[in-house]
There are 2 protein chains.
Amino acid sequence: MTGIKDVALDVGLSIATVSRALRGQPGVSADNRHRIEQAAARLGYVPSRTAANLATGRTRTVAVVVPYVSRWFFSTVVHGAEQVLSGRGYDLLLFNLAGSAEARHRVMQTHQLTKRADAVVILGLQPTPAEQTWLADHAARVVLVGASVPTWPSVTIDDEAASVTAVAHLAALGHRRIAYVGGSAEEALDFATPRARLVGFHRAMSESGLEADPALERVGGFTVAGGLAAGHDLLDLDQPPTAVFCASDEMAIGVLRAARDRGVAVPEQLSVVGIDDHEMAQFLDLTTVRQPVAEQGRQAALQVLALLDEDPPEPVPARHLVLETELVVRSSTGPAPAGGAAYGIIAGRGHRS
Amino acid sequence: MTGIKDVALDVGLSIATVSRALRGQPGVSADNRHRIEQAAARLGYVPSRTAANLATGRTRTVAVVVPYVSRWFFSTVVHGAEQVLSGRGYDLLLFNLAGSAEARHRVMQTHQLTKRADAVVILGLQPTPAEQTWLADHAARVVLVGASVPTWPSVTIDDEAASVTAVAHLAALGHRRIAYVGGSAEEALDFATPRARLVGFHRAMSESGLEADPALERVGGFTVAGGLAAGHDLLDLDQPPTAVFCASDEMAIGVLRAARDRGVAVPEQLSVVGIDDHEMAQFLDLTTVRQPVAEQGRQAALQVLALLDEDPPEPVPARHLVLETELVVRSSTGPAPAGGAAYGIIAGRGHRS
DNA sequence: TTGAAAGCGCTACCAC
DNA sequence: GTGGTAGCGCTTTCAA
């Protein structure tokens with residue numbers, strides 16, 4: 001491994017000068033700077049970040065903490081963040097919690113984060129008070145995505161508003177028995193999103209003059225399989241809903257499938273709305289509330305750069321940035337069937353094939 | 001930040017002894033070891049990996065290079081790898097190429113990789129000869145996923161065999177005009193997979209005594225949108241195929257959608273097969289050739305540990321591990337329509353809605 | 001079993 | 001403009 005010393009020897013200058021030249025600092029004659037760059041390139045010299053880190057205290061690395069890397073939403077946010085970060089020479093250290101509380105504690109409350117990265121981006125998790133004070137006490141630079149605390153910058157969407165949009169759409173179509181498929185109560189403790197969406201659901205229902213029937217609320221775990229199970233469950237009710245609002249597209253896709261399984265026509269007999277605008281949504285004709293996903297990662301990365309005095313490529317807007325959502329009407333929603341959901345009685349049930 | 005020195009001061013022992021004790025090395029009295037551990041815990045000491053790295057030359061970090069993080073396949077492989085790596089105390093540095101050749105060169109042929117990580121896992125990319133020699137010259141430990149070279153361990157599936165399985169299934173159902181939707185020629189240079197799957201397609205066709213009609217080959221870019229376009233194209237042909245084999249489920253999902261757009265019944269008029277068993281496949285009733293995805297990441301991580309003399313938790317099988325694939329028949333495939341694809345003539349075309 | 005001290009490969013301060 | 005050098009926070013001989 002050729003080091004800075006080799007370059008210095010090669011050009012017959014001091015280590016200090018080489019260091020300055022290679023980092024584009026002033027105080028090196030143009031001629032020498034040129035020779036140094038040549039030599040460095042010829043020798044295939046690349047500075048040891050580790051050593052630089054130890055000397056400067058900066059790692060040029062940002063940690064990203066994700067609940068589940070393999071989920072579309074999170075990997076897409078990571079992608080967005082990575083794009084702007086790598087453009088600025090920052091590397092990305094990925095911590096995948098995989099839903100484990102143990103991993104969460106290990107990652108969030110040790111110096112793994114603070115000693116190895118200049119900043120941390122936390123996706124989808126609501127930091128506990130303990131985590132907040134720990135991170136704050138250790139001078140961590142933190143940016144949140146999908147959650148918000150006063151202390152740190154954040155980028156989110158208005159989850160409550162997104163729910164309201166979705167439900168208002170259903171209400172406008174005449175639906176009155178609207179079911180909800182969301183996260184579980186435990187999840188709601190850790191994740192900001194499920195709770196806010198549930199709150200929004202209730203708010204929208206009452207604003208629309210409808211009653212949210214507790215019997216129509218289901219847990220879908222934000223997965224297709226969870227949505228499927230919830231959907232079956234709902235459709236097997238004696239008085240099934242005429243519409244289902246799902247807190248994510250993945251769950252909505254599961255409900256769509258459940259409807260097919262039960263021979264329930266969408267949207268004639270059942271309307272389904274999700275949130276996200278998942279890449280599959282348009283191919284499945286799913287009506288949804290679109291949120292910008294990669295953009296949330298991008299914006300979070302910009303906040304990080306600002307935090308690190310890196311004057312970001314674009315002006316960083318608000319400290320607590322709330323991105324816009326937008327209703328995308330496709331054909332999974334339609335007018336409420338006259339007389340409510342009749343298929344439970346008329347068409348009978350049973351799997352399709 | 002409390003450092004090792006603080007701990008040493010606290011217990012009244014030397015830095016050297018503390019270092020030994022904390023790393024579980026022999027040569028420390030049980031009593032002192034205990035006191036040191038207590039003190040470290042009380043002071044909230046966590047060693048600086050950077051400093052350790054500089055001193056030992058090991059980073060306890062592995063780099064993972066991904067063509068596109070946000071693609072289901074890759075993020076799932078990353079997830080699998082992360083699980084075993086984090087279990088062994090390794091951190092994961094993520095390099096997302098996002099399809100950029102410039103990024104690829106920057107990542108693969110600088111010391112980013114070799115100086116910052118003990119090993120590199122490269123997903124889905126066929127290393128060029130230049131990259132191979134560069135990495136080899138710089139003593140990089142490399143493990144490949146979805147590609148293979150003699151020099152390094154790898155974990156793959158038999159892509160050719162997967163194609164053969166899919167096509168044989170279609171042929172057995174009586175299909176003769178079988179279309180192929182895969183990657184582009186340029187992609188094939190960089191990615192091992194598209195090429196192998198195309199080769200397998202051709203092999204299977206001839207083995208089944210069928211002729212691969214070049215007019216029935218399309219580029220789908222491994223995305224749903226690409227598959228959709230290819231599907232429209234194929235179905236608009238004067239002599240459309242009765243079956244489409246797609247090199248990935250995402251493209252197959254696009255073709256499924258194209259069929260719906262054109263009012264073509266699946267599987268009655270058109271059979272569709274993919275490869276992957278994407279999480280959405282079962283919900284869309286897609287027949288596919290399943291490959292273990294997270295498992296490829298897990299196995300790659302085990303190879304990494306073996307490379308780093310970490311005696312892995314499980315025995316590492318072959319150096320060039322080839323994981324099994326399996327045909328999963330669902331209802332997107334069925335017997336070839338008698339008399340070939342007639343819908344172009346009888347049913348007319350036009351979008352559905 | 002313990003401690004002193006020499007690095008690891010840089011950066012940054014201070015002289016020149 | 002340039003060079004000498006003291007750290008950065010550890011690990012690892014080598015002696016005691």
Side-chain angles (χ1 to χ4, degrees), chain A residues 1-37 39-40 43-61 89 91 110-112 114-118 138-139, chain B residues 1-37 39-40 43-61 89 91 110-112 114-118 138-139:
Chain A
M1 290 296 108
T2 76
I4 199 172
K5 193 189 298 184
D6 302 300
V7 180
L9 242 45
D10 187 273
V11 293
L13 289 166
S14 75
I15 289 177
T17 303
V18 173
S19 174
R20 276 190 288 259
L22 259 20
R23 282 176 303 139
Q25 290 195 344
V28 180
S29 72
D31 181 39
N32 280 342
R33 185 183 298 273
H34 184 70
R35 287 177 48 226
I36 290 170
E37 279 160 358
L43 300 176
Y45 168 72
V46 174
S48 155
R49 283 217 185 191
T50 311
N53 168 15
L54 196 53
T56 60
R58 309 202 66 178
T59 58
R60 289 203 79 81
T61 295
D91 285 344
T110 68
H111 282 285
Q112 285 213 280
T114 57
K115 280 197 176 170
R116 300 211 56 191
D118 297 338
H138 292 79
Chain B
M1 291 294 110
T2 78
I4 198 172
K5 192 189 296 183
D6 302 299
V7 180
L9 242 45
D10 186 273
V11 294
L13 289 166
S14 73
I15 288 177
T17 304
V18 172
S19 172
R20 277 189 288 259
L22 259 19
R23 281 177 304 138
Q25 290 196 345
V28 180
S29 72
D31 182 39
N32 281 342
R33 184 183 300 273
H34 185 69
R35 288 177 48 226
I36 290 170
E37 280 161 358
L43 299 176
Y45 168 72
V46 173
S48 154
R49 283 211 182 194
T50 311
N53 168 15
L54 193 53
T56 60
R58 309 201 67 178
T59 58
R60 288 203 79 83
T61 295
D91 286 343
T110 68
H111 282 285
Q112 285 214 282
T114 57
K115 280 196 177 170
R116 299 212 57 190
D118 297 337
H138 292 78

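Proteins get letters first, then strands, A, B, ... in listed order; numbering begins at 1 in each.
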note: Leu54(A), atom CG; dC10(D), atom P; distance rounded to Å ~ 9 Å

Within residues 18-27 of chain A, the residues having a heavy atom closer than 4.0 Å to DNA chain D are Arg20(A), Gly27(A)

Would you say Ser14(A) reaches dG3(D)'s phosphate, i.e. side-chain N/O to OP1/OP2 under 4.0 Å?
yes

Just how far, in rounded Å, is C1' of dG9(C) from CZ of Arg49(B)?
20 Å

Measuring from Leu43(A):CG to Asp6(A):CG, what's the distance to the nearest 0.5 Å?
7.0 Å

Between Arg116(B) and Asp91(A), does a salt bridge (Lys or Arg N to Asp or Glu O under 4.0 Å) hold up when you go through it step by step?
CA-CA 10 Å; Arg116(B) 299 212 57 190; Asp91(A) 285 344; 2.3 Å; yes

Starting from the 5' end of DNA chain C, give me the residue, Val28(B) or Lys115(B), whose nearest nucleotide shows up first.
Val28(B)

What is the separation between atom CZ on Arg35(A) and atom C1' on dG1(D), rounded to the nearest whole Å?
13 Å

Kindly give the heavy-atom pair with the smallest separation between Gln25(B) and Val28(B), and that separation in Å.
O-CG2, 4.3 Å

For a quick test of reading the model, state the closest non-hydrogen atom pair linking Asp118(B) to Arg60(B) and the distance between them.
OD2-N, 2.8 Å

Can you check whether Ser29(B) has a side-chain N or O nearer than 4.0 Å to OP1 or OP2 of dT2(C)?
yes

Check DNA chain D against residues 2-13 of chain B and give the residues with a non-hydrogen atom under 4.0 Å, in numerical order.
Gly3(B), Ile4(B)

From CD1 of Ile36(A) across to P of dT2(D) the rounded distance in Å is 8 Å

Grab the CD1-P distance between Ile15(B) and dA6(C) for me, whole Å please.
14 Å

Have a look at Asn53(B) and say if it touches a base, only the backbone sugar-phosphate, or nothing, with a 4.0 Å heavy-atom cut-off.
nothing

Treating Lys115(A) as the side-chain partner and Val46(B) as the backbone partner, does any N or O pair qualify as donor plus acceptor under 3.5 Å?
yes

Could you give the CZ-to-P distance, from Arg116(B) to dG9(C), as a whole number of Å?
16 Å

Please tell me whether Thr59(B) and Asn53(B) have a donor and an acceptor in their side chains that are separated by less than 3.5 angstrom.
no

Name all residues meeting the side chain to side chain contact (heavy atoms under 4.5 Å, CB included) criterion together with Ala39(A); count only those two or more places apart in sequence or in a different chain, and write none if there are none.
Val7(A), Asp10(A), Val11(A), Arg42(A)

Closest listed nucleotide, where the reference is the side chain of Thr17(B) and the choices are dT2(C), dG7(D), dC10(D)
dT2(C)

Nearest heavy-atom contact between Ile4(A) and Tyr45(A) is N-CE1, 3.3 Å

In Å and rounded to the nearest 0.5 Å, what is the OG to CG distance from Ser48(A) to Leu54(B)?
6.0 Å

